[in-house]
Amino acid sequence: MAGRDYSVVEDHLRELATEGESRLKAGASALDVVEYAVAEMETCGMYVAGKGSAPNTAGYVELDASIMDGASREAGAVAAIVGVVNPICVARGVLRATPHVMLAGQGALAFAMLEGFGLVENPDDYYVLPVGVYEHELYEQKHGTVGAAALDTAGGLAAATSTGGTLGKLEGRIGDSPLIGPGTWADDDIAVSFTGTGEHIIRSGGAISIAHKVAAGASAQVAIDEVLAEIERLGGDAGVIVVTRDGQIEMAYNSDGMKRAAVSASSPVHATTFE
Ligand code: ASP
């Protein structure tokens with residue numbers, strides 16, 4: 001929310017972007033780097049994802065996450081998963097170790113346990129309020145998500161998204177973030193991660209709509225503007241981060257603000273929130 005102090009978040013995003021850049025320069029894949037960045041944001045508790053997530057109306061935390069590799073089109077996702085520290089790593093596990101794209105609920109947790117992913121020992125003590133959210137706001141219609149998009153030195157693109165969902169969501173509610181297509185998309189040309197009101201993002205097509213418009217010849221900027229306008233027309237607000245195969249970075253939103261950072265071969269790391 002504008003007017004609150006997000007300098008700690010900007011510092012964290014700057015650090016993550018810097019570390020992500022050095023991993024990419026050292027030859028890491030875009031897929032590894034987006035998983036790394038999103039997992040860090042889940043673990044730290046500063047964002048509405050992982051540790052910073054709020055309970056649903058039934059009183060417990062359910063999380064959504066997805067990840068996609070552009071070159072292979074391999075993807076993994078978890079929806080309404082309970083009790084894991086890093087949903088994005090479980091999503092990557094679904095990509096790597098199953099023939100499926102998405103696991104949900106009990107089955108997702110059973111998979112995470114079988115594969116040895118970190119579990120939340122005591123949920124009552126674990127979850128914290130993310131930076132900029134106060135206790136009395138927990139059941140208002142606020143929302144947040146973390147996402148990352150990257151292009152690696154081999155020309156591979158990847159995107160990842162993770163969220164605690166909208167605050168005050170119903171038990172079992174799943175938004176756009178774990179959906180390959182609306183919330184997360186990567187192909188040979190573009191990597192996209194969305195945040196915003198999930199119901200409207202899903203109904204606009206979201207990330208894949210941007211990819212299709214770009215494939216049809218639109219610039220990334222025009223494609224983003226058109227999809228954000230459609231989300232607004234449907235009554236929602238959203239933000240999106242995009243990386244293209246030629247290294248163009250676009251970050252746009254029609255929500256109040258969007259905490260974000262970017263770095264590329266041609267521009268130094270830059271992190272900001274509401275301007
Ligand atoms: N898109 C997320 C959801 O609807 C929330 C957000 O990005 O703020 O679950």
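Every number for a ligand or one of its atoms is a count from 1 in the order of the listing.
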Using the side-chain contact (heavy atoms from CB on, under 4.5 Å) rule, pick out the option among V131, L13, T195, T163 that qualifies with Y47.
L13
Option from R92, R23, R96 for which salt bridge (Lys or Arg N to Asp or Glu O under 4.0 Å) with D32 holds:
R92
Looking only at distance, does [X] have an N or O less than 3.5 Å from an N or O of ligand 1?
X	answer
G196	yes
T197	no
G144	yes
T145	yes
G198	yes

Side-chain heavy atoms of V227 within contact of K213, under 4.5 Å
yes
Counting each atom of ligand 1 from 1 as listed, which ones have a heavy atom of [X] under 4.0 Å away?
X	result
S177	1 (N), 2 (C)
D176	1 (N), 2 (C), 3 (C), 4 (O)
R173	3 (C), 4 (O), 9 (O)
T195	6 (C), 7 (O), 8 (O)
G165	9 (O)

Looking only at heavy atoms, the pair that brings G172 and E62 closest together is N-OE1, 2.8 Å
Which distance, rounded to the nearest 0.5 Å, do you find between the CZ of R73 and the CG of D188?
4.5 Å
Membership question, hydrophobic clusters at under 4.5 Å side-chain separation (ILVMFWY): are V34 and V242 in the same one?
no
In terms of side-chain geometry, is the basic nitrogen of R173 or E199 positioned less than 4.0 Å from the acidic oxygen of its partner?
yes
